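Have a look at the structure below before the remarks.
What you see is a predicted model, and the numbers here were worked out from it, not measured in a lab.
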Protein chains: 2
Amino acid sequence: MKVKIVDVAREANVSVATVSRVVNNIPLVNEETKERVLEAIKKTGYKPNAIARSLKIQRTNTLGIMIPDISNPLYTEMVRGVEDICGIYNYNIILSNTDFSPEKEHESLDVLIEKQCDGIIYIGKNLSEEFQETLKNAPSEIVLGCVSDEKGELSSVLIDNESAAYDLAKKAIDAGYKNFALFYDRDEGFVNRKRIDGVRRALDEAGIELDPELILRGNINVKGGHSMMTKLLESGKEFDIVMCMNDQVAIGAIRAAEDAGRKVPDDIAVTGFNDYWISEWFDPKITTVRQPMYDIGAIAARMLIKMCESDEKESRTITAPYEIVARQSMPEHAC
Amino acid sequence: MKVKIVDVAREANVSVATVSRVVNNIPLVNEETKERVLEAIKKTGYKPNAIARSLKIQRTNTLGIMIPDISNPLYTEMVRGVEDICGIYNYNIILSNTDFSPEKEHESLDVLIEKQCDGIIYIGKNLSEEFQETLKNAPSEIVLGCVSDEKGELSSVLIDNESAAYDLAKKAIDAGYKNFALFYDRDEGFVNRKRIDGVRRALDEAGIELDPELILRGNINVKGGHSMMTKLLESGKEFDIVMCMNDQVAIGAIRAAEDAGRKVPDDIAVTGFNDYWISEWFDPKITTVRQPMYDIGAIAARMLIKMCESDEKESRTITAPYEIVARQSMPEHAC
DNA sequence: AAATTTCATGAAAATGTTATCATTGTCTGA
DNA sequence: TCAGACAATGATAACATTTTCATGAAATTT
């Protein structure tokens with residue numbers, strides 16, 4: 001049978017209250033009895049029961065993370081940031097995959113609430129109006145990562161996607177590119193929309209027309225990028241640059257271009273987004289936008305823990321810095 | 001204030017026992033009162049408190065995962081497998097990074113035990129004798145992933161690393177390669193050792209001598225691979241194939257070879273291990289060994305849940321299948 | 001009609017902690 | 001010498017559930 005606090009108390013010949021005090025490092029206990037209790041703890045191998053403790057103190061020291069897909073390296077890096085901060089402040093993490101599905105989202109949230117997470121980090125590319133409402137009414141503290149509710153009623157940490165996409169597109173325009181193709185997500189969503197908006201603004205400002213037929217939608221992975229490029233090349237449309245939703249899509253697009261006998265960046269320039277580790281080692285190295293995912297996770301966690309431990313109720317939106325990473329796949333001057 | 005079971009009971013004009021019964025779907029309750037209780041639950045917005053429940057029933061429906069580094073995609077894929085199985089059986093996951101550090105390992109384990117995880121999955125590349133002992137004495141059920149205690153006293157799920165490395169080396173020998181270099185982990189450890197053993201056995205059988213100076217140790221990432229290859233080329237030693245600890249190392253090695261004006265695979269063949277998604281899209285495509293990480297995670301989780309819910313106490317070692325993936329970086333016939 | 005079974009429900013104990021309040025000495029200062 | 005302060009400790013009431021046992025009513029069997 002598991003040893004509990006009363007067993008230790010019996011062994012050390014003190015009351016449970018005293019044992020609890022030494023376990024929790026509460027000062028009002030005689031040095032000698034403390035010693036005796038410590039002895040008893042070691043002898044019995046007592047480990048406090050955090051569940052019972054949580055029930056009593058009404059805190060679990062646990063954060064929930066809702067994440068679309070833990071096997072996506074982008075999110076993983078963010079989780080790592082959360083993890084590290086949690087380590088410092090003695091919190092733990094309960095993971096919950098949402099798979100981009102609204103039902104799973106609701107289920108996940110319910111479970112995290114039922115398990116009494118002190119706070120919850122919601123990570124995603126999109127956030128429905130309805131779920132925003134649900135989150136606002138949740139009893140746990142909430143911080144959004146990588147998305148925001150546009151009203152700013154929930155706290156969030158993310159980069160300015162619109163402006164990042166704008167900057168990247170501007171750079172392409174300055175380099176001399178004229179015919180833009182876009183490989184974006186099939187599903188409309190917060191992040192996707194912002195990025196397209198950014199590109200569009202840059203083109204508008206430069207007086208460049210964006211041909212709607214050059215905005216392709218597909219799966220946001222290597223294969224998706226490959227097939228979008230293949231399709232686009234087959235269409236015979238003119239274009240000299242492709243801006244992709246992320247680096248995987250860019251890699252797929254580059255391979256497809258090569259398969260079709262086109263050179264990147266000589267014939268076609270390609271940009272990605274997110275800056276995976278491979279983007280620096282791929283040939284050609286991929287021009288992209290770096291989001292500080294680790295930092296975003298860390299900041300979100302830090303905010304959330306602060307919210308749990310004080311009762312500041314005001315929501316804050318933190319804009320993390322991004323960085324345009326210029327590499328080979330889109331040179332400074334169009335070839 | 002949070003609404004609890006007694007509030008629902010009052011609202012529905014029944015006892016808490018009855019509410020508990022309908023919440024837990026225990027059949028012995030009249031259809032009509034059940035209806036009334038359900039009504040009251042909806043009206044009050046009651047969500048059961050899993051902490052209190054766990055304290056009473058002495059189960060948390062929570063699995064702990066100890067993992068060296070969640071940002072390593074290999075482990076992430078495994079976590080995904082665990083997650084999916086947990087979803088089916090209504091378990092949750094508490095994550096805990098161990099960072100390959102023995103102290104962190106102990107801390108992690110303690111926390112997971114204190115939080116009363118029903119079971120714990122230990123993932124890693126190595127397992128010290130001492131920690132094996134600690135795990136064996138843990139009150140929670142334990143399953144190892146990717147490693148095993150060599151005595152088989154703990155349950156585990158992993159591929160046969162020795163034999164995978166043997167097969168891969170054999171393939172290289174059959175292709176005609178003669179001068180083997182190895183890029184492996186600086187730290188000796190279970191997985192690393194097994195893989196080197198496997199290569200060595202294949203070479204021994206073929207009567208090929210393995211030059212100790214061609215076994216290089218370094219960081220197991222792209223940069224490590226790059227610097228090992230650079231160093232090896234500078235040494236002027238003869239070699240025609242490099243077998244790497246994983247695909248990242250292989251990618252680094254390939255880039256370094258190219259930087260030095262050598263062609264892969266024409267001048268030097270390179271093999272990896274683990275088969276990341278990029279290995280199929282990199283140029284050259286990387287010859288490697290695929291471990292079914294998702295399945296390993298899923299099987300481990302399934303085993304663990306079974307162990308938690310029955311009381312079979314016998315430990316089982318499950319050997320997952322691996323697959324040699326022949327691609328361009330090591331062709332079937334040496335050039 | 002009596003005895004037995006079944007069904008629906010409630011009261012209350014138990015789960016392992018923490019924290020409040022009370023108690024007992026011991027010490028300090030007038 | 002004694003009131004008051006203080007230090008160390010213990011009893012015990014929460015915390016929100018589940019589950020056992022008891023109870024009474026209704027249904028069924030003898």
Which pairs count as ring pair (Phe, Tyr, Trp, His ring centres under 6.0 Å) when at least one residue sits in residues 37-90 of chain A, sequence neighbours excluded? none
Start and end of chain B contact along DNA chain D [non-hydrogen atoms, under 4.0 Å]: D:dA16 to D:dT19
Side chain to side chain donor-acceptor pair (under 3.5 Å) with B:E133: which residues, sequence neighbours excluded? B:K136
Going by atom type alone, with no hydrogens or angles, which donor-acceptor pairs under 3.5 Å involve a side-chain atom of residues 25-34 of chain B and a protein atom two or more places apart or on another chain?
from: B:N30; atom 1: OD1; to: B:E32; atom 2: N; distance (Å): 2.7
from: B:T33; atom 1: OG1; to: B:N30; atom 2: O; distance (Å): 2.9

A:S108: which residues meet the side chain to side chain donor-acceptor pair (under 3.5 Å) condition with it, sequence neighbours left out? A:S96
Among residues 26-40 of chain B, which ones have heavy-atom contacts with DNA chain D below 4.0 Å? none
Name the atoms and distances for all side-chain donor-acceptor pairs under 3.5 Å in residues 291-301 of chain A, with sequence neighbours left out.
from: A:Q291; atom 1: NE2; to: A:N274; atom 2: OD1; distance (Å): 2.9
from: A:Y294; atom 1: OH; to: A:D84; atom 2: OD2; distance (Å): 2.5

Please encode protein proximity along nucleotides 13-18 of chain C as a string of B, S and -, counting only heavy-atom distances under 4.0 Å. -BBBBB
Who passes salt bridge (Lys or Arg N to Asp or Glu O under 4.0 Å) against A:K42, sequence neighbours left out? none
By side chain to side chain donor-acceptor pair (under 3.5 Å), which residues pair with A:S15, not counting sequence neighbours? A:T18
Can you tell me how far CG of A:D149 sits from CG of A:L135, rounded to the nearest 0.5 angstrom? 9.0 Å
Qualifying residues under ring pair (Phe, Tyr, Trp, His ring centres under 6.0 Å), relative to A:Y122, sequence neighbours excluded: A:F131
Residues in side chain to side chain contact (heavy atoms under 4.5 Å, CB included) contact with A:V6, at least two apart in sequence or another chain: A:K4, A:R10, A:V16
